[in-house]
There are 2 protein chains.
Amino acid sequence: MCIAGGRVEDLTATKAPHITSQSSDRTMVRRVMTHDHLFYQGDERDFIYVVQSGWVKLYRTLIDGQRQVVGFANPGSILGLESDGEHTSGCEAITAATVRAIPVSRLAEVCRQDAAFAEHILRQIGRQLGAAQAQLATVGAQSADQKLATFLLSIADLCNVSPAGDFDLPMRRGDMAEFLGLRLETISRKMSDFQRRGWITMTSLYHCRLVRREVLEDLAAGGDLEDATMLRVS
Amino acid sequence: MCIAGGRVEDLTATKAPHITSQSSDRTMVRRVMTHDHLFYQGDERDFIYVVQSGWVKLYRTLIDGQRQVVGFANPGSILGLESDGEHTSGCEAITAATVRAIPVSRLAEVCRQDAAFAEHILRQIGRQLGAAQAQLATVGAQSADQKLATFLLSIADLCNVSPAGDFDLPMRRGDMAEFLGLRLETISRKMSDFQRRGWITMTSLYHCRLVRREVLEDLAAGGDLEDATMLRVS
DNA sequence: CGCGCGGTTGATCAACCTCAACCCGCGTGG
DNA sequence: CCACGCGGGTTGAGGTTGATCAACCGCGCG
């Protein structure tokens with residue numbers, strides 16, 4: 001697995017081939033495949049990105065190799081606002097994805113000229129801060145079962161759960177574990193538990209059905225008073 | 001202890017007597033005593049606040065009574081940007097403090113007119129997002145000892161640690177515990193451990209000296225690649 | 001076919017929680 | 001003055017949750 005830092009050359013190497021369009025306003029659309037990186041922790045922060053399709057994860061790597069996923073982002077999310085100078089997290093696509101890249105050099109200028117855009121960005125980042133705080137409450141104050149219940153409900157909402165309760169689970173077990181501050185074995189066990197108890201059914205590894213949503217809601221409700229959304233489209 | 005929500009009347013009741021000055025730009029300075037609330041989780045978000053002196057904590061309360069401190073704020077921090085509508089966290093002073101209150105109704109207008117201010121706010125909230133993500137990594141991926149080491153070093157920096165290594169610890173054990181996702185007994189034990197090992201000395205309950213900073217740094221370095229600052233003055 | 005990746009499951013263990021006792025300093029009221 | 005209660009902190013004994021380590025499965029692919 002890749003430790004962040006010193007990967008600028010790789011990034012630029014992979015970046016160029018993926019530029020698919022460059023519009024007149026000097027922003028460009030970038031296309032990434034599953035497990036491609038948009039940027040690494042420690043990279044120069046020369047762009048911010050607006051997710052247009054697909055899912056990406058934001059994660060930090062600690063010196064001892066431990067990782068923490070600090071957020072998942074779906075279309076509408078804006079990435080790269082949390083730092084100036086260098087990226088404090090790495091960003092990896094968990095599905096194929098497209099993003100619009102905006103040079104940070106243009107950012108201040110745009111904010112100055114386009115107040116509505118500035119307000120939109122402010123709202124987006126505020127939302128992300130709220131989501132990070134909600135996640136902090138989940139990771140810091142909930143049990144493994146509560147964490148998983150909270151997580152499944154959030155993802156279900158974000159993924160437009162069908163009336164029958166079906167939804168996609170775009171990330172791997174390890175990503176969920178690193179997001180919730182658990183080990184992947186624990187995720188696996190708890191998912192099996194939930195299934196055994198008849199609360200969910202896994203129709204495939206990455207597709208889930210909520211059978212008894214109320215139970216999960218009760219569990220998660222030993223959760224936050226607010227809804228624990230994650231980085232969500234505004 | 002107070003569960004958030006439905007406390008608007010109390011808030012307004014305590015607010016009025018504390019207004020000490022109202023300047024021409026319709027902002028006002030509010031003075032709060034230790035353990036006073038600036039606002040409760042669920043309150044209408046009618047002001048944002050800029051901390052001018054003292055320390056406050058931001059925390060969320062879960063339905064089952066568990067609490068998570070999502071941040072400490074010292075002078076320079078801006079509060080209330082993480083939500084629109086209602087406050088998603090409560091805010092309680094941990095020392096006597098003064099804040100400047102800015103009506104949210106004025107916020108959009110100000111951002112539209114004063115681009116520099118808008119940029120400053122954007123930088124502040126970005127910093128807070130970064131801090132929240134760093135905290136997420138600490139809470140989700142570190143052991144109790146690592147968490148405490150990380151925390152002590154952060155606070156030491158924020159509190160202008162003296163050359164000798166002395167600094168104030170403005171919050172109680174329970175606040176530290178709720179911030180780090182631990183129990184206060186665990187905090188107490190680990191602090192005793194650290195002292196026994198000669199890494200720190202507690203000159204009083206709320207005053208600490210770093211004796212072997214390097215050791216704490218090594219410990220925390222099983223920590224984040226970035227410095228795990230918390231809500232910090234820009 | 002063999003290998004690697006992602007996931008599941010089992011057995012064991014330790015970190016941290018829980019509950020309880022106890023200490024200390026302080027304010028209050030008899 | 002002392003007794004008392006209370007808030008905040010420390011310490012101890014014992015229990016549980018989730019981590020760790022390891023085996024194993026299924027699948028896709030070279």
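Chain letters run A, B, ... following the sequence lines, proteins first and then strands; every chain starts at 1. In what follows, every heavy atom counts, from backbone to side chain, and hydrogens, waters and symmetry copies are set aside.
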Atom [atom1] of [X] to atom [atom2] of [N]: distance rounded to whole Å?
X        : N      : atom1 : atom2 : answer
B:Phe194 : D:dG9  : CZ    : P     : 17 Å
B:Asp193 : D:dG12 : CG    : P     : 11 Å
B:His207 : D:dG8  : NE2   : P     : 21 Å
B:His35  : D:dG8  : NE2   : P     : 6 Å
B:Met191 : D:dG8  : CE    : C1'   : 13 Å
B:Met202 : D:dT10 : CE    : C1'   : 12 Å
B:Ile187 : D:dG9  : CD1   : C1'   : 12 Å

Next on the checklist: I'd like to know whether B:Ile78 forms a side-chain contact (heavy atoms from CB on, under 4.5 Å) with B:Val51, so could you lay out the CA-CA distance, the side-chain angles of the two residues, the decisive distance to 0.1 Å, and finally the verdict.
Outcome noted: CA-CA 6 Å; B:Ile78 303 182; B:Val51 180; over 6 Å; no
Item to check | Mutual orientation of the aromatic rings belonging to A:Phe72 and A:Trp55 [parallel < 30°, tilted 30-60°, perpendicular > 60°] | outcome: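 Ring orientation, 0 to 90° scale: perpendicular.
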Checklist entry - For the residue pair A:Tyr40 and A:His37, does the interplanar ring angle fall in the parallel (under 30°), tilted (30 to 60°) or perpendicular (over 60°) class? => result parallel
Could you check whether [X] gets within reach of a base, just the sugar-phosphate, or nothing at all, counting any heavy atom under 4.0 Å?
X        : answer
A:Leu205 : sugar-phosphate
B:Thr186 : sugar-phosphate
B:Leu184 : base

Item to check | Candidates B:Asn74, B:Ile94, B:Leu79 - the one meeting side-chain contact (heavy atoms from CB on, under 4.5 Å) with B:Val56 | outcome: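 Running side-chain contact (heavy atoms from CB on, under 4.5 Å) over B:Asn74, B:Ile94, B:Leu79 with B:Val56 returns exactly one hit, B:Leu79.
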Checklist entry - OP1 or OP2 of D:dG8 less than 4.0 angstrom from a side-chain nitrogen or oxygen of B:Arg173, does that happen here? => result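 No, B:Arg173 has no side-chain N/O under 4.0 Å of OP1/OP2 on D:dG8.
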Checklist entry - Which nucleotide span of DNA chain C, 5' end to 3' end, has atoms closer than 4.0 Å to non-hydrogen atoms of chain B? => result C:dC16 to C:dC19
Checklist outcome for this item: Value for CE (A:Met176) from CG (A:Leu148), rounded to nearest 0.5 Å, stands at 5.5 Å
Checklist entry - Is there a donor and acceptor pair closer than 3.5 Å between the side chain of B:Arg189 and the base of D:dG12? => result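 Answer yes: a donor N or O sits under 3.5 Å from an acceptor.
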Checklist entry - Salt bridge between B:Glu86 and B:Arg45, side-chain N to carboxylate O under 4.0 Å? => result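 Salt bridge absent between B:Glu86 and B:Arg45.
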Next on the checklist: Less than 4.0 angstrom from a charged side-chain N to a carboxylate O is my criterion; do A:Glu214 and A:Arg212 meet it?
Outcome noted: yes
